[in-house]
**Q** 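One structure follows; several queries about it will come next.
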Amino acid sequence: MKTAPRQSEHPLHRLFRGASLALALNLACSLPSAAQDLITSAKFTEPTTRYAHGVLGDDVEYGAIELHIQASDGSSQAITLRLPETRVFEDLSPRLIDLDTDGAPEVVVVESDAALGARLSVYGPEGLIAATPYIGQRNRWLAPIGAADFDGDGFVELGYIDRPHLAKTLRLWRFKDGKLIEIATKTGLTNHKIGWDFIAGGLRNCADTPEMITADASWSRIIATAYDGTSLSARDIGPYAGPQSLTKALSCP
């Protein structure tokens, strides 16, 4: 069994993680309050083969997540949040994103159940904060795209591709009052192929307009999708020529 953490395997993945961290900093409108514990980093631990799916190129997933916390009194500690035996983190690495714009990031991960498949989950120092529903069937996965306040209403939205190899559906969820609320969907989009140890595309923000960069369902075109507060709108921005073409599309023209 491989034990090296998957989170450092691919440059596209590092790019996505870096964009998420930058987004968390950009969304922070104030410093954390003096009474607030701050998550400074997170990593998956306890590799396991108990969930035989292998969508990310191997049979290793993770049974726990380790959070490094800076406490309100200035001390620091590492805490481990461990999943039950029926679940794993089926993901590349945790994403630190300030979803409630209080200056302290939450942790966003893909979590899979042995019977129900994947869901997008949000964790804090005390454990699970919010989650989308499970897809509903084992060996069904989702691939995160990114997070932003897409419509400028002060709330952060999270986008992912639901079953990038099957349903190829973009779903957008708003984080509000500690809950994830689905607000829009669009079919015909994808960002991952079976066996890839990275997620292609991601988020870009050009002229203060956040856009999610993916491929179309046939892997022939690059698509930029925005949300205006009412619906998702997708536009073709060029031919798909491998995953690096999606990376290039993350740069503003």
Side-chain angles (χ1 to χ4, degrees), residues 10 12-13 15-20 22-24 26-27 55-56 91-92 95 97 99 108 110 117-120 132-133 135-136 140-176 180-194 196 198-253:
H10 198 281
L12 282 174
H13 170 238
L15 174 65
F16 181 85
R17 184 171 70 251
S20 297
L23 176 64
N26 289 335
L27 288 172
V55 72
L56 289 165
D91 204 350
L92 298 165
R95 300 156 190 83
I97 306 175
L99 296 177
V108 179
V110 181
R119 69 179 183 180
L120 193 71
T132 65
I135 290 172
R140 297 294 183 263
W141 186 67
L142 62 89
I145 302 170
D149 180 1
F150 284 90
D151 56 352
D153 66 352
F155 295 102
V156 177
E157 288 83 36
L158 290 151
Y160 65 73
I161 299 296
D162 175 3
R163 290 161 290 174
H165 324 113
L166 297 170
K168 300 182 180 181
T169 298
L170 192 159
R171 298 189 182 276
L172 192 66
W173 298 75
R174 177 174 290 139
F175 187 77
K176 184 177 180 181
L180 287 169
I181 305 163
E182 188 172 22
I183 58 172
T185 64
K186 192 166 190 63
T187 59
L189 301 169
T190 188
N191 60 350
H192 186 266
K193 292 186 178 183
I194 293 175
W196 277 2
F198 60 94
I199 296 169
L203 186 76
R204 74 179 187 183
N205 193 339
C206 305
D208 295 324
T209 303
E211 293 179 303
M212 292 170 278
I213 303 301
T214 66
D216 69 347
S218 65
W219 290 99
S220 61
R221 307 299 298 179
I222 299 173
I223 306 297
T225 304
Y227 178 71
D228 62 4
T230 302
S231 61
L232 291 165
S233 60
R235 60 191 184 95
D236 186 319
I237 60 172
Y240 172 79
Q244 294 295 339
S245 65
L246 289 174
T247 302
K248 184 177 180 179
L250 295 177
S251 300
C252 296

**Q** May I ask you to test the Leu142-Ile161 pair for a side-chain heavy-atom distance under 4.5 Å?
**A**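 Heavy-atom side-chain distance check fails, nothing below 4.5 Å.
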**Q** Say you draw a straight line from OG1 of Thr214 to CD1 of Ile145; how long is it, rounded to the nearest 0.5 Å?
**A**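 Taking OG1 in Thr214 and CD1 in Ile145, the distance rounds to 6.0 Å.
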**Q** Using modelled atom types and a 3.5 Å cut-off, is there a donor and acceptor pairing between side-chain atoms of Arg171 and backbone atoms of Glu182?
**A**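 Side chain of Arg171 to backbone of Glu182: no pair is present.
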**Q** Does some side-chain heavy atom of Met212 sit less than 4.5 Å from a side-chain heavy atom of Leu203?
**A**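 Yes; the side chains approach each other to less than 4.5 Å.
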**Q** A side-chain contact here means heavy atoms from C-beta on lying under 4.5 Å apart; do Ser245 and Ile222 qualify?
**A**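 When only atoms from C-beta onward are counted, Ile222 and Ser245 do touch, with a gap below 4.5 Å.
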**Q** Report the residue from Leu99, Leu180, Leu172 that forms a side chain to side chain contact (heavy atoms under 4.5 Å, CB included) with Glu157.
**A**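 Output: one option passes, namely Leu172.
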**Q** Does a side-chain N-to-carboxylate-O contact under 4.0 Å join Arg174 and Asp151?
**A**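 Result for this pair is yes, salt bridge flagged.
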**Q** Can you find a heavy atom in the side chain of Trp196 that is under 4.5 Å from one in the side chain of Asn191?
**A**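 Not in contact.
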**Q** What residue pairs, at least two apart or across chains, pass disulfide (SG to SG under 2.5 Å) with a residue in residues 212-249?
**A**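 Sorted pair list comes back empty.
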**Q** Not counting sequence neighbours, which residues clear salt bridge (Lys or Arg N to Asp or Glu O under 4.0 Å) with Asp236? List them please.
**A**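 Only Arg221 meet the salt bridge (Lys or Arg N to Asp or Glu O under 4.0 Å) criterion with Asp236.
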**Q** Of all residues at least two apart in sequence or in a different chain, which pass the side chain to side chain contact (heavy atoms under 4.5 Å, CB included) check with Lys248?
**A**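 In terms of side chain to side chain contact (heavy atoms under 4.5 Å, CB included), with neighbours along the sequence ignored, Lys248 is linked to no residue.
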**Q** Is the shortest side-chain heavy-atom distance between Thr132 and Trp173 below 4.5 Å?
**A**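 A side-chain contact under 4.5 Å exists here.
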**Q** I need the full list of side chain to side chain donor-acceptor pair (under 3.5 Å) pairs touching residues 223-235, with sequence neighbours left out, sorted by first then second residue.
**A**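 Side chain to side chain donor-acceptor pair (under 3.5 Å) check on residues 223-235 returns Glu211-Arg235.
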**Q** Please confirm whether the backbone N or O of Pro164 pairs with a side-chain atom of Thr190, one donor and one acceptor, at under 3.5 Å?
**A**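 At least one qualifying donor-acceptor pair exists.
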**Q** Who are the side-chain hydrogen bond (donor to acceptor under 3.5 Å, both in side chains) partners of Ser220, not counting sequence neighbours?
**A**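 For Ser220, the residues satisfying side-chain hydrogen bond (donor to acceptor under 3.5 Å, both in side chains) (neighbours in sequence not counted) are Asp216, Ser218.
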**Q** Among all residues two or more places apart in sequence or in another chain, which pass the salt bridge (Lys or Arg N to Asp or Glu O under 4.0 Å) test with Arg140?
**A**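 Testing Arg140 for salt bridge (Lys or Arg N to Asp or Glu O under 4.0 Å), a comparison that skips the adjacent residues, returns none.
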